[in-house]
Amino acid sequence: MLCQNCGKNEATTHIKRIVDGESAELHLCSSCAQHLGYSVLFSGFGSNIGGLLSRFFPEAVLPSAAEESERCPGCGASFDEIVRTGMMGCAECYDVFYDRLKPSLSRIHGRATHIGKTGTSVDDRTERRAEIRALEADLKTAVAAEEFEQAAVLRDRLRDLKGETT
Amino acid sequence: MTKWYQLSGKENDVAISSRVALARNVRGHAFSARLAPEEKEQIAEEVREAIEKELPGKFLVTRMQDLSRDAAISLAERSLVSPEFVSFAEGRTFLMTPDESLSLMICEEDHVKIQAILPGLELEKTYELSDRLDTILDDAVGFSFDPKLGYLTQCPTNIGTAMRASVLLQLPALRILDRVRHLSNTVSRLGLILTGAYGEGDSPAGSLYILTNQVTLGISEEAALQNLSSLALSILEQERDARKELMENLSFQDMLWRSYGTLKTARVLSFREFMEALSVVKIGIAAGDFDVPLNAVNESIFSMQPATLNTEAGTTLSRQERDALRAEKVRELFS
C-alpha cells in the first residue's frame with residue numbers, strides 16, 4: 001500500500017482517526033508521518049501506531065538460542081515478541097527482561113528514574129526485585145574493585161533475597 | 001446536566017480546555033494486547049465494583065459494544081475516547097461522570113486510562129481531579145508500579161508518571177500570520193509537542209492545536225504541569241498579540257466580516273467550513289466586536305461535530321441534512 005500523503009513510498013504507519021463522523025484509517029510512509037507530526041509518538045495515549053513502535057528497539061540484538069527460550073513467567077512473552085510489537089506483555093516483563101531493555105529505555109528516557117507520584121500499594125515482590133537489581137550492581141562494582149569481603153556479604157544477601165522470590 | 005464544555009474557563013479566548021490522562025495497569029493481569037475479551041470484561045468488572053463502592057452513583061457505565069456507531073464516534077469527537085478505542089469495541093468498557101469531566105477507558109492501550117477535562121487553562125485542578133480517582137482505584141484494585149520505573153505501561157515510552165497532560169488551544173491569528181510552524185519547532189526543543197487537533201499538517205480545522213507534555217520518566221507530575229502551563233501562557237500571549245496586529249489590517253477585517261456573514265446566514269455548513277469561519281470570528285468576539293458568548297462558541301466546537309449531531313438528531317443524517325442542521329443551529333447561535 002502506498003502512502004496516502006505523497007503517493008510514492010510504501011505506507012508503514014497506520015493511524016486510526018475520526019473523519020467526518022466516520023472511523024477511518026490513515027496510511028502514511030515514515031517521512032510523511034514525521035512531516036505531519038505523527039513521528040512524535042504518543043502525543044496522546046491511544047494513538048497506537050503499529051510499525052513505528054518497534055523502532056524503539058534498534059539496539060536489540062537477535063537473541064541467542066538460550067535467550068530465545070526465555071519467556072516471561074507472568075504472560076509468556078519472549079523478548080523477541082516485545083521487540084517485534086514494541087509492547088511489553090505484562091508488568092513482570094519489565095523485571096524479567098530488564099537488562100536487555102535497558103539500552104532502549106535509556107534511549108527513550110535518558111538515564112532517568114521515576115520521581116513523582118508513588119503507587120499506594122507497591123507490590124513487595126517488585127520492591128524486592130528492585131533491591132536485587134541494586135545489590136547486583138553493587139556486587140559488580142565490589143568485584144571490579146577487588147573488595148572481596150564486601151562482595152561476599154553482598155552475594156549472601158542476594159542469595160537470601162533471590163531465595164525469597166522464587 | 002451541564003457539561004464541562006458548556007462552562008467558561010480561564011483564558012477561554014485562546015485555551016479551550018485542559019486535559020490530563022493517566023495510564024494504569026491492574027496487577028496480576030497481562031497487558032491489554034494479550035487479553036481475551038472475557039478477561040478485559042473481568043478487569044472492567046473489578047474497576048466498576050471499586051467505583052460503585054467508593055463513588056456510588058457518580059459514573060455512567062457503558063459497554064462499547066452496546067453503543068450505536070454514531071454514539072461511539074461522538075465520544076471520540078468530544079475527546080472522551082480515542083479513535084482506536086472506538087474501532088475495536090469488543091470487551092471494552094467506558095465510564096464517565098454525567099458532566100463528562102472525568103472518564104475511564106477500560107482496556108484501551110493500558111488497562112485503565114483515567115481522563116479529566118476542564119474548560120480553559122486549568123491544568124492543576126484537572127490533574128487533581130484525575131489524581132483523586134487514581135488514588136481511590138489504586139487502593140481498591142492495585143496498579144503495577146516499580147519504584148525506579150514508576151507506573152508500568154504496555155508501551156515503554158509511557159512509563160514513569162504515565163501522565164499525558166494537554167491544553168487545547170485555538171490559534172487562528174498565529175496560523176493566519178504563518179507563525180505556528182516556527183512555534184512548534186521551538187516547543188519541541190523544550191520537550192513538548194504542538195500538533196493539530198482535527199486534521200493534520202499545516203491546516204488543522206478551526207486552527208485548533210494540542211500542546212502536550214512528552215517526558216514521563218524523571219519528571220514529577222507537578223513539574224511537568226508547570227512547564228506545560230507556563231508554555232501555554234506564553235503561546236496565549238503570542239496569539240493575543242497576533243490578534244491585535246490582525247485587527248488593524250483591512251484585509252483581515254474583510255475576512256472577519258465575511259466569516260461572520262457565513263455563520264449568520266449560511267443554509268448549508270460543512271464542519272470544516274464552520275470551524276474555519278468560527279476560528280476567524282472568534283478573534284472578533286474576543287475583541288468585543290460581536291456580542292456572542294464565548295463559552296457558547298467554544299461549546300459549538302464539540303456540539304457541531306458530525307456524529308454528535310447525528311446522535312442528537314437520533315438518526316444517521318445524510319451529509320446534506322447534517323450540514324443543513326448545523327447551519328440552522330449556527331444561525332441561532334449568531335442571531
Side-chain angles (χ1 to χ4, degrees), chain A residues 5 15-26 35-38 40-48 53 56 74-77 82 85-95 98 101 104-105 108-123 126-127 129-130 133-134, chain B residues 21 23 25 27 29-31 33-34 70 73 76-77 82-87 105 108-110 113 131 135 138-139 142-152 154-161 164 166 188 193 195-196 200-201 210 212 214-215 217-222 271 305-307 310:
Chain A
N5 193 53
I15 299 141
K16 283 262 180 296
R17 298 189 310 160
I18 301 292
V19 180
D20 216 9
E22 303 284 341
S23 186
E25 202 166 355
L26 183 66
H35 174 68
L36 296 175
Y38 286 112
V40 207
L41 282 183
F42 311 110
S43 56
F45 289 120
S47 42
N48 205 337
L53 287 161
F56 280 118
C75 65
I82 294 175
T85 59
M87 289 188 280
M88 309 299 285
C90 70
E92 215 173 325
C93 291
Y94 279 101
D95 275 321
Y98 183 75
L101 276 171
S104 302
L105 287 179
I108 305 167
H109 297 287
R111 285 170 185 278
T113 54
H114 178 61
I115 47 176
K117 188 172 182 180
T118 306
T120 49
S121 48
V122 176
D123 187 346
T126 313
E127 232 166 3
R129 284 229 169 86
R133 275 207 297 270
Chain B
N25 288 282
R27 284 203 307 266
H29 295 276
F31 289 150
R34 290 183 169 262
D70 279 329
I73 290 178
E77 288 176 346
S82 60
E84 203 264 342
F85 195 68
V86 174
S87 38
M105 269 187 270
E108 194 218 23
E109 185 178 315
D110 290 289
K113 177 148 101 180
D131 178 49
T135 306
D138 193 9
D139 280 337
F143 292 139
S144 294
F145 179 86
D146 175 272
K148 257 170 91 175
L149 300 177
Y151 289 95
L152 301 175
Q154 178 162 270
C155 182
T157 49
N158 298 328
I159 55 170
T161 57
R164 293 276 179 245
S166 61
S188 68
I193 310 166
T195 48
E200 55 283 313
I210 303 174
T212 319
Q214 196 174 9
V215 184
L217 191 66
I219 181 165
S220 69
E221 289 86 353
E222 202 182 19
F271 180 60
Q305 303 239 13
N310 283 347

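Order of the sequence lines sets the chain letters (A, B, ...), proteins ahead of strands, with each chain counted from 1.
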### Structural part of B:E77 lying under 4.5 Å from a heavy atom of chain A
side chain

### Query
Between B:I219, B:D70, B:N25, which residue shows the highest count of heavy-atom pairs closer than 4.5 Å to chain A?
B:I219

### Atom of B:E109, atom of B:Q154 and distance for their closest heavy-atom approach
O-NE2, 3.1 Å

### Task
Find the one option among B:G160, B:A76, B:A33 whose heavy-atom pairs under 4.5 Å with chain A are most numerous.
B:G160

### Query
Do you know which two heavy atoms are closest between A:L105 and B:L149, and how far apart they sit?
CD1-CD2, 4.3 Å

### Task
Could you tell me which of A:C93, A:A77, A:G76, A:G74 has the largest number of non-hydrogen atom pairs under 4.5 Å with chain B?
A:A77

### Message
If we define contacts as heavy-atom pairs under 4.5 Å, which of B:V86, B:V215, B:I159 has the most with chain A?
### Response
B:I159

### Message
If I measure from the heavy atoms of chain A, does B:L217 come under 4.5 Å with its side chain, its backbone, both, or neither?
### Response
both

### Summary
Under 4.5 Å to a heavy atom of chain A? For B:D131 that would be both

### Query
If you measure only the distance, is there a donor-acceptor pair under 3.5 Å linking the side chains of B:K113 and B:S82?
no

### Query
Got A:L101 and A:M88 here, is their nearest side-chain heavy-atom distance under 4.5 Å?
yes

### Query
If only atom types and distance count, is the side chain of B:H29 paired as donor or acceptor with the main-chain N or O of A:C90 below 3.5 Å?
no

### Any A:Y98 side-chain heavy atom under 4.5 Å of B:K148 side chain
yes

